[in-house]
Colleague: 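Can you read through this structure? Questions will come right after.
Note that this is a predicted model, so its numbers are computed, not measured. This chain uses plain numbering: 1 for the first residue, then up along the sequence.
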Amino acid sequence: MSDAYKAAWQASIDDPQGFWLEAAKAVDWAEAPASGWSDTDGWFPGGQLNTCHNAVDRHVAAGRGDAAALIYDSPVTGTIQTYTYAELLDEVGRTAAMLASVGVTKGDRVVIYMPMIPPTVFAMLACARLGAIHSVVFGGFAPLELAKRIDDAAPKVLITASCGIEGKRTIPYKPMVDEALKLAKHTVDHVVLFQREQVKADLTAPRDLDWMALREETAHKPAPACVPVASNDPLYILYTSGTTGTPKGVVRDNGGHATALTWSMANIYGIGAGDVFWAASDVGWVVGHSYIVYAPLLVGATTVLFEGKPVGTPDPGTFWRTIDRHGVKAFFTAPTAIRAVRKEDPDATFLTEIGTGPCQTIFLAGERADPDTIAWLEEKSGLPVIDHWWQTELGWPAIATCVALGDLRRKRGSAGFPVPGYAFAILGDDGKPVPDGESGSVAIKAPLPPGAFRTLWNNPQGYAKNFEGFPGYYETGDAGHFDADGFLNIMGRTDDIINVAGHRLSTGQMEQIVAQEDGVAECAVIGADDAIKGMIPVAFVVARAGAEADEALVKRVVTAVREELGPVAALKTVYAVPQLPKTRSGKILRNLLRKIVNGDKYDTPATIEDPSVPATLHSIVHG
């Protein structure tokens, strides 16, 4: 164990106020906080700051205006463009002037429905500059889902673009925005639209305003100054899917967010001023908020904004090409992206030819990384691959191997160790800790550290519910266990624990076994209803390129699970399928698979990447 990691974690638990007040010194405060934590005001009460100032202005003021801040790399349009910190400051200032001209002020909400282009980043930072609250909605989300978010956030302005580009498909955004605004009860004052050359959108006067025209109209106005806000004032609202179909608006504060992200870059990722960091995600998700936009800029690093896919834009070498081209020091992506690359290029021919340049570490998050995928990536890249875990609600990693603190321990299948600031417990149904090696509910001692959510927008009761299941703890909704070496293993959601004839089994553990079987590119195991046993496991497997999706593969999968877990596992049903249903962020929609297998009525989720997949799977399962 690294002494630095051990000391940091212990200090954060023994004296959280002192630990985080020290960390907060890396942030520029307009008014220094009076203390670390308050039960009523959260982290850093009395503190005032501006997140845009910390991410942009202060670096220019420190003489680093010529340093690269943002690299836009878009294989789908053939564009590569770099913005220095000085250029970023100018773009953000102009965007803030545009928003101010249409009445956006401190506390107003602005919905941003945009693709992965630089104006999206400008808009987010411009809102932060004005003290406004942005709510980024993944570009291409269905109109009804966008309308729900508009009604809940009640934005003054909606910012959009004429289109997004998903692989080889161009998706017009304006028709979806128009439909969402018809469905929504709330009326926005204005829609500000950035026209892309791929699609020209029609504007509805006087509501709709052209981005470039508005920029020209406000060019003579000075860029608005950064507005100081309280530490616990909201920076943004980010909606996640709720179990009831109503989206949950996770609220992120300013002071805790800036402090936690700044600390994480230095101590987890090993990134500082001048380093290049790339999170291959989307700004519509929490990874994009935290590690494309805010965290790299807060520490004066260079961030990569990538508009493309892991395969098909143009090939499975695009990740390695981008890393090498821009000198990426640390790379962050989702396990499903690596599985997609491996499926298309199982021998890593592109990776071998291109290499990974100066990259030192690859980080994975977003879903559990199966050991086989990690082993393949480590072997082919020669780099340490760090699986780590967190949630939208938390905003930054809670379980990781803190390589920047000198901790190099890792175990395939585990997300690592509790990050400083997080005190984990594995609890049984009775709320008491279970022995190491035994699965239970993963909980975190309250209060949560800086950067975690403090409420849900318009839903304080929903927020409080997260702490009611186990008093004194935040219930993550995940199941997991500590092993004998202290590694924390997240095995999936608590509803992925299935009860087969009285035996509690983890479908995540079964997935781990199935994924290691030769010829399997990716897989999902779910619990299906059974009249005799209550539940039984059912597996879906996608064959790797060049492998046969035949009966022999199915038999090997069944045998592998039986040999490792014994007959109690009862895995007898395996479907070889062309692809799995996933969200655009790469998460497998296991609940949808469960409904398909059970023959239940299902709706195709708005977040799904390929809407044709559920019907294909239904026909495979039910004929």
Colleague: Return the NZ to CD1 distance between K343 and I338, rounded to the nearest 0.5 Å.
Modeller: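 Reported to 0.5 Å precision, the distance equals 15.5 Å.
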
Colleague: Closest approach of A153 and W457, non-hydrogen atoms and distance?
Modeller: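 For A153 and W457, the tightest heavy-atom pair comes out as CA-NE1, 3.8 Å.
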
Colleague: Backbone N or O of A552 within a donor-acceptor pair of the D550 side chain at under 3.5 Å?
Modeller: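 Such a contact is found between D550 side chain and A552 backbone.
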
Colleague: Within the structure provided, determine whether P155 and H186 are in side-chain contact (heavy-atom separation under 4.5 Å).
Modeller: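 Heavy-atom side-chain distance check passes, below 4.5 Å.
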
Colleague: Could you walk me through whether T583 and I608 pass side-chain contact (heavy atoms from CB on, under 4.5 Å), step by step?
Modeller: CA-CA 4 Å; T583 67; I608 199 165; over 6 Å; no

Colleague: Nearest 0.5 Å please: distance from the CD1 atom of I323 over to the SG atom of C359.
Modeller: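 That separation rounds to 5.0 Å.
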
Colleague: In the structure I gave you, are the side-chain heavy atoms of T120 and M116 within less than 4.5 Å of one another anywhere?
Modeller: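 Counting from C-beta outward, T120 and M116 never come under 4.5 Å.
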
Colleague: Tell me, please, which residues at least two apart from E551 pass side-chain contact (heavy atoms from CB on, under 4.5 Å).
Modeller: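 Per chain and number, E551 pairs via side-chain contact (heavy atoms from CB on, under 4.5 Å) with V554, K555.
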
Colleague: If we only count heavy atoms from C-beta on, is the I588 to F540 side-chain gap below 4.5 Å?
Modeller: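 Not touching, per the 4.5 Å side-chain cut-off.
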
Colleague: F141 vs W285 aromatic rings, parallel, tilted or perpendicular, using cut-offs 30° and 60°?
Modeller: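 Answer is perpendicular, since the angle exceeds 60°.
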
Colleague: Are the side chain of R544 and the backbone of V520 linked by a donor-acceptor contact shorter than 3.5 Å?
Modeller: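 Indeed, once roles are kept as given, a pair shorter than 3.5 Å links the two residues.
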
Colleague: Please tell me whether F487 and F482 form a close aromatic pair, meaning their ring centres lie under 6.0 Å apart.
Modeller: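 No - the distance between ring centres of F487 and F482 does not fall below the 6.0 Å cut-off.
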
Colleague: Between the side chains of Q391 and Y474, does any donor sit under 3.5 Å from an acceptor?
Modeller: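 A donor-acceptor contact under 3.5 Å links the two side chains.
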
Colleague: Could you check, using the six-membered ring where one of them is a Trp, whether Y473 and F467 have ring centers closer than 6.0 angstrom?
Modeller: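 When the ring centroids of Y473 and F467 are compared, they turn out to be at least 6.0 Å apart.
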
Colleague: I'd like to know if the side chain of R410 and the backbone of T401 have a donor-acceptor N/O pair within less than 3.5 Å.
Modeller: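 Pair absent, no side-chain N/O of R410 close to backbone of T401.
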
Colleague: Between D324 (side chain only) and T356 (backbone N and O only), is there a donor and an acceptor less than 3.5 Å apart?
Modeller: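 No; judged by distance alone, with no hydrogens or angles, the pair does not exist.
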
Colleague: Any chance the rings of Y294 and W396 have centres within less than 6.0 Å?
Modeller: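 Between W396 and Y294, which both carry aromatic rings, the centre distance is not below 6.0 Å.
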
Colleague: Could you go through Y173 and Y113, starting from their C-alpha distance and side-chain angles, then the distance that decides it, and tell me whether this counts as ring-ring contact (aromatic ring centres under 6.0 Å, His included)?
Modeller: CA-CA 8 Å; Y173 282 3; Y113 184 77; 5.1 Å; yes

Colleague: Would you say that T160 contacts I112 through its side chain, given a criterion of any heavy-atom pair below 4.5 Å between the two side chains?
Modeller: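 Counting from C-beta outward, T160 and I112 never come under 4.5 Å.
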
Colleague: Rounded at 0.5 Å granularity, tell me how far CD1 in I374 sits from NZ in K411.
Modeller: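 I374 CD1 to K411 NZ: 12.5 Å, rounded to 0.5 Å.
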
Colleague: Would D610 and Q579 count as a side-chain contact (heavy atoms from CB on, under 4.5 Å) if you check the C-alpha gap in whole Å, the side-chain angles of each, and the deciding distance to 0.1 Å?
Modeller: CA-CA 10 Å; D610 185 344; Q579 63 186 114; 3.6 Å; yes

Colleague: Between W278 and F332 (judged by ring centroids, cut-off 6.0 Å), do the two rings come close enough to count as a pair?
Modeller: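 No, the ring of W278 stays outside the 6.0 Å limit from the ring of F332, centre to centre.
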
Colleague: Ignoring hydrogens and geometry, is there a side-chain-to-backbone donor-acceptor pair from D315 to V311 under 3.5 Å?
Modeller: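 Side chain of D315 to backbone of V311, a donor-acceptor pair under 3.5 Å: no, none is there.
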
Colleague: Testing the basics here: between R339 and T373, what is the closest heavy-atom pair and its distance to 0.1 Å?
Modeller: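 It is CG-OG1, 3.3 Å.
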
Colleague: Give, for atom CD1 of I526 and atom CZ of R590, the distance between the pair rounded to the nearest 0.5 Å.
Modeller: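 It comes to 10.5 Å.
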
Colleague: Please round to the nearest 0.5 Å and tell me the distance separating atom CD1 of I171 and atom OG of S162.
Modeller: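 Here the rounded value is 12.5 Å.
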
Colleague: Without hydrogens or angle criteria, can the side chains of D478 and W389 be said to hold a donor-acceptor pair below 3.5 Å?
Modeller: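 Yes, W389 and D478 have a side-chain donor paired with an acceptor closer than 3.5 Å.
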
Colleague: Taking T476 for its side chain and A443 for its backbone only, find out whether a donor-acceptor pair lies under 3.5 Å.
Modeller: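 Such a contact is absent between T476 side chain and A443 backbone.
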
Colleague: May I ask you to decide if A348's main-chain N or O and T352's side chain share a donor-acceptor pair within less than 3.5 Å?
Modeller: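 Confirmed, T352 side chain pairs with A348 backbone.
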
Colleague: Is there side-chain contact between F138 and R584, with heavy atoms separated by less than 4.5 Å?
Modeller: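 Sidechains of R584 and F138: in contact.
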
Colleague: Run F417 and H388 through ring-ring contact (aromatic ring centres under 6.0 Å, His included) and show every step you take.
Modeller: CA-CA 9 Å; F417 300 89; H388 61 330; over 10 Å; no

Colleague: On a heavy-atom basis, which atom in I426 and which in G480 lie closest, and how many Å separate them?
Modeller: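 Smallest heavy-atom distance, with atoms named: CG2-O, 3.3 Å.
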
Colleague: Counting N and O atoms only, with roles assigned by atom type, does the side chain of D603 sit under 3.5 Å from a partner on the main chain of P605, one being a donor and the other an acceptor?
Modeller: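 Checked: no pair found.
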
Colleague: Taking all atoms of both residues into account, what is the closest heavy-atom pair of A201 and K174, and its distance?
Modeller: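 What the structure gives for the nearest pair is CB-CB, 3.8 Å.
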
Colleague: In this structure, are over 12 heavy atoms from other groups packed under 6.0 Å from D600 atom CG?
Modeller: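 Yes, the 6.0 Å shell around CG holds more than 12 heavy atoms from other groups.
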
Colleague: In Å, rounded to the nearest 0.5 Å, how long is the span from CG of L158 to CZ of R149?
Modeller: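 Atom-to-atom, L158:CG and R149:CZ are 13.0 Å apart.
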
Colleague: What is the ring orientation for Y291 with W390, classed by angle as parallel under 30°, tilted 30 to 60°, or perpendicular over 60°?
Modeller: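 Ring orientation, 0 to 90° scale: perpendicular.
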
Colleague: Are Y239 and D152 close enough that a side-chain donor and a side-chain acceptor fall under 3.5 Å?
Modeller: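 There is such a pair between these side chains.
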
Colleague: If the test is salt bridge (Lys or Arg N to Asp or Glu O under 4.0 Å), which one of D347, D370, D372 qualifies with R342?
Modeller: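 Only match with R342 under salt bridge (Lys or Arg N to Asp or Glu O under 4.0 Å): D372.
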
Colleague: Check whether H481 reaches the backbone of V434 with its side chain - one donor and one acceptor, N or O, closer than 3.5 Å.
Modeller: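 Between the backbone of V434 and the side chain of H481 there is no qualifying donor-acceptor contact (under 3.5 Å).
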
Colleague: Contact between Y236 and M124 at the side-chain level, heavy atoms closer than 4.5 Å - yes or no?
Modeller: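 No - every pair of side-chain heavy atoms lies 4.5 Å or more apart.
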
Colleague: Could you go through T604 and L592, starting from their C-alpha distance and side-chain angles, then the distance that decides it, and tell me whether this counts as side-chain contact (heavy atoms from CB on, under 4.5 Å)?
Modeller: CA-CA 8 Å; T604 300; L592 175 61; 5.9 Å; no

Colleague: If every non-hydrogen atom of P335 is compared with every non-hydrogen atom of A365, which pair is closest and at what distance?
Modeller: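 Heavy-atom minimum between the residues: CD-O, 3.4 Å.
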
Colleague: My understanding is that only residues two or more places apart in sequence, or in another chain, count here; which of them pass salt bridge (charged side-chain N to carboxylate O under 4.0 Å, His left out) with E393?
Modeller: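 Scan of E393 (salt bridge (charged side-chain N to carboxylate O under 4.0 Å, His left out), adjacent residues dropped) gives K248.
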
Colleague: Using modelled atom types only, decide if a donor and an acceptor are shared between the side chain of S135 and the backbone of I237 within a distance under 3.5 Å.
Modeller: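 A pair under 3.5 Å: yes.
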
Colleague: Answer yes or no: is there an ion pair linking K465 with E468, defined by an N-O contact shorter than 4.0 Å?
Modeller: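 Not counted as a salt bridge, because no side-chain N and carboxylate O are separated by less than 4.0 Å.
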
Colleague: Evaluate the side-chain proximity of L377 to E379: yes if any heavy-atom separation is below 4.5 Å, no if none is.
Modeller: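 They are not in contact (no side-chain heavy atoms under 4.5 Å apart), so the answer is no.
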
Colleague: How far apart are the closest heavy atoms of P578 and T616, and which atoms are they?
Modeller: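 Smallest interatomic distance, heavy atoms only, reads CG-CG2, 4.2 Å.
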
Colleague: I362 vs I386, test: side-chain contact (heavy atoms from CB on, under 4.5 Å). Steps then yes/no.
Modeller: CA-CA 6 Å; I362 297 174; I386 309 295; over 6 Å; no

Colleague: E609 pairs by side-chain hydrogen bond (donor to acceptor under 3.5 Å, both in side chains) with which of K309, K587, K582?
Modeller: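 When K309, K587, K582 are each tested with E609, the side-chain hydrogen bond (donor to acceptor under 3.5 Å, both in side chains) holds only for K309.
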
Colleague: Using a 4.5 Å cut-off on heavy atoms from C-beta on, say whether the side chain of N489 contacts that of D483.
Modeller: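 Of all side-chain heavy-atom pairs linking N489 with D483, at least one is under 4.5 Å.
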
